[in-house]
Number of protein chains: 2
Amino acid sequence: MVTAADRAKGPARASVWLGGKATRTRRTDQPAGLDLDKITAATVRLLDSEGLAKFSMRRLAAELGVTAMSVYWYVDTKDDLLELALDAVMGELVLPGTVDGAETGTGTETETGTGTETGTETEPDGTETGPDGTEGGTEAGADWRIQLRRLAAGYRSVLVRHPWVSPLVGVFLNIGPHALKFAAVSQEVMRSADLPLRGQTGGLAAVFQFVYGFGTVEGHFRDRCARAGMTQDEYHQHAMGGMSEQPSLRRTFEQAQDLMAARGGDTVEEMRERDFDFALDLLIAGIEAKRGA
Amino acid sequence: MVTAADRAKGPARASVWLGGKATRTRRTDQPAGLDLDKITAATVRLLDSEGLAKFSMRRLAAELGVTAMSVYWYVDTKDDLLELALDAVMGELVLPGTVDGAETGTGTETETGTGTETGTETEPDGTETGPDGTEGGTEAGADWRIQLRRLAAGYRSVLVRHPWVSPLVGVFLNIGPHALKFAAVSQEVMRSADLPLRGQTGGLAAVFQFVYGFGTVEGHFRDRCARAGMTQDEYHQHAMGGMSEQPSLRRTFEQAQDLMAARGGDTVEEMRERDFDFALDLLIAGIEAKRGA
DNA sequence: ACCTGAACACCGTTCAAGT
DNA sequence: ACCTGAACACCGTTCAAGT
């Protein structure tokens with residue numbers, strides 16, 4: 001069902017960020033106090049509080065005290081708005097070697113120029129500087145392990161704070177300015193880990209796709225518990241109970257109990273922390289093993 | 001907005017699989033040829049061909065040649081149906097040490113009993129059997145590295161063949177019988193890799209959350225290209241072009257080009273294959289490094 | 001036991017019109 | 001330049017009714 005209008009636009013513009021012309025000229029003299037930043041911020045707020053499923057243009061308009069269709073002056077489509085919201089929260093990440101990164105508002109500004117040299121100016125051949133390798137104490141010179149952990153933790157916490165992010169990352173391209181900046185810094189950090197060149201993109205995938213997966217289930221689980229009015233531990237019990245009824249899985253279930261005991265941690269939250277830490281250690285050990293391979 | 005009916009049900013049943021009573025008694029004498037398996041199969045077919053966004057109960061009913069509401073006799077809610085579809089495609093995975101696993105139909109059958117000893121009966125202490133370690137040539141005794149690769153490849157291909165799966169995994173609990181079986185086998189394989197007990201759940205997370213993340217973006221990218229009527233390579237060009245216009249990312253962009261050159265591979269598909277393989281090697285190297293830690 | 005039809009309270013988006 | 005209102009073609013789900 002492709003309309004004539006669709007066809008005129010070409011192959012249905014891949015992303016807000018690939019539209020050309022930037023999203024819309026920001027005017028300074030507005031009658032009603034409504035602009036793209038405010039709309040994006042309200043979108044994030046609504047998505048956080050109500051979830052992706054309940055979010056609608058009409059709900060958003062109501063929140064903004066405006067008619068449903070006003071938003072469409074600033075944004076072509078609901079999907080575009082979601083892409084803007086996605087990149088806005090990617091901006092919450094504080095990136096090493098960058099000053100900005102805390103403001104939620106996105107918009108047309110693409111923060112060109114200032115602070116663009118992404119730090120990590122280690123010597124090209126990356127001579128080892130020891131386990132904590134702070135090498136003079138500057139943020140920029142920190143060991144790649146530390147930086148990688150920081151990036152991973154930051155990305156994870158974005159996914160957990162905003163559970164609606166992960167389905168959007170799955171659906172959109174995630175190539176807004178903040179996401180690209182994040183990718184750029186990650187690339188730089190991975191470079192200083194001295195994997196063979198041909199393995200660097202794979203290494204990046206290993207680490208950040210892991211974090212994405214982990215943060216996705218974590219974020220959604222928290223969200224789901226909150227909405228069901230249970231604690232995470234109650235919910236965990238509930239799901240475990242249902243599982244243990246399957247007689248074919250009895251042996252597996254008992255083993256799983258053993259593993260949980262061995263891992264330790266009294267709460268779901270603690271257990272997850274240990275898994276995340278161990279997994280990241282494992283990934284870093286893997287990177288170390290593949291250096292010069 | 002919680003209705004009285006909602007409250008009566010308790011905390012809004014967490015999953016189809018936790019309903020108690022199983023989904024619905026299957027009768028053999030049906031007037032119209034409509035049962036849960038057929039409905040689930042049709043759902044999978046529609047999701048594959050039209051995508052998650054376009055899938056609707058009304059569309060499905062039309063496909064089944066039936067009125068919109070008929071489906072509601074078999075299923076409580078659209079979400080329940082999606083959970084059934086999710087577990088149905090998890091059943092496409094061929095698991096080592098298992099004969100079944102190819103049929104798409106799900107239903108009330110939980111395949112108890114038969115073939116439940118999930119193979120991998122290695123000696124408790126897992127004495128090394130060499131790099132390919134087939135130890136007698138039985139499927140069950142294959143080296144954990146091979147088994148892990150197989151599981152990862154299988155999960156990845158489910159995610160790629162059915163791009164609607166990954167948002168559902170993010171949203172639902174994914175604790176249907178097939179998913180649990182998959183988890184059980186994965187646990188068993190990881191056990192034979194001899195990570196310290198406390199690290200086994202973390203190790204599982206590292207591997208399978210990576211695969212989830214990787215398969216998610218891969219699957220959606222393919223889907224998106226297909227729907228836009230472009231090849232993956234064309235689309236890749238397109239996105240890269242948009243990115244390279246950002247002057248603040250010029251340096252990063254050039255580096256990325258270098259990395260791509262070093263990785264090699266002429267098509268997007270080839271490049272992805274190399275990344276996946278390298279990342280999996282890296283994870284396996286990480287597991288090896290953490291053994292006895 | 002199984003299926004229908006009408007109805008309710010929603011959607012995203014278009015389009016013509018207002019200021 | 002910005003915002004509105006009515007309308008179109010959809011949703012998921014409830015409920016009373018048919019066979």
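Every chain is numbered from 1 and lettered A, B, ... according to where its sequence line falls, protein lines coming before strand lines.
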Query raised in the report: When you look at D48(A) and W164(A), which way does the side-chain hydrogen bond (donor to acceptor under 3.5 Å, both in side chains) test go after all the steps?
Result: CA-CA 7 Å; D48(A) 283 342; W164(A) 47 271; 2.7 Å; yes
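- Taking a pair as Watson-Crick or G-U wobble with both distances under 3.5 Å, the runs of three or more consecutive pairs in DNA chain D are C:4-8 with D:12-16, C:12-16 with D:4-8.
- In this structure, I175(A) and L18(A) have side chains that are in contact, with non-hydrogen atoms separated by less than 4.5 Å.
- When the side-chain nitrogen and oxygen atoms of S70(B) are compared with OP1 and OP2 of dT4(C), one or more of them lie within a distance under 4.0 Å.
- Below 30°, between 30° and 60°, or above 60°: for Y235(B) and H238(B) the angle between ring planes is above 60°, a perpendicular geometry.
- There is a side-chain donor-acceptor pair under 3.5 Å between E83(A) and S15(A).
- Counting non-hydrogen atoms of other residues, nucleotides and ligands closer than 6.0 Å to CZ of R250(A) gives a total of 12 or fewer.
- By the side-chain contact (heavy atoms from CB on, under 4.5 Å) test, F253(A) is found to be paired with M240(A), S244(A), Q257(A), residues two or more places apart in sequence or in another chain being considered.
- A perpendicular orientation is assigned to the rings of F208(B) and F182(B), their planes being inclined by more than 60° (bins at 30° and 60°).
- Judged by distance alone, the side chains of E92(B) and H162(B) do bring a donor and an acceptor atom under 3.5 Å apart.
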Protein and nucleotides 9-13 of chain D: nitrogen or oxygen contacts under 3.5 angstrom:
from: dC11(D); atom 1: OP1; to: S56(B); atom 2: OG; distance (Å): 3.2
from: dG12(D); atom 1: OP1; to: M57(B); atom 2: N; distance (Å): 3.3
from: dG12(D); atom 1: OP1; to: K78(B); atom 2: NZ; distance (Å): 3.2
from: dG12(D); atom 1: OP2; to: M57(B); atom 2: N; distance (Å): 3.1
from: dG12(D); atom 1: N7; to: R58(B); atom 2: NH1; distance (Å): 2.3
from: dG12(D); atom 1: O6; to: R58(B); atom 2: NH1; distance (Å): 3.2
from: dG12(D); atom 1: O6; to: R58(B); atom 2: NH2; distance (Å): 3.3
from: dT13(D); atom 1: OP1; to: T77(B); atom 2: OG1; distance (Å): 2.7
from: dT13(D); atom 1: OP2; to: Y72(B); atom 2: OH; distance (Å): 2.7
from: dT13(D); atom 1: OP2; to: K78(B); atom 2: N; distance (Å): 2.9

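- Remark: the separation of the P atoms in dA9(C) and dA9(D) is 22 Å, to the nearest Å.
- Atom CG in L36(A) sits about 12 Å away from atom P in dC2(D), given to the nearest Å.
- Using a 4.0 Å cut-off, some side-chain N or O of Y74(A) falls inside it from OP1 or OP2 of dC3(D).
- Put simply, CG on L64(A) is 11 Å from P on dT4(D), counting in whole angstrom units.
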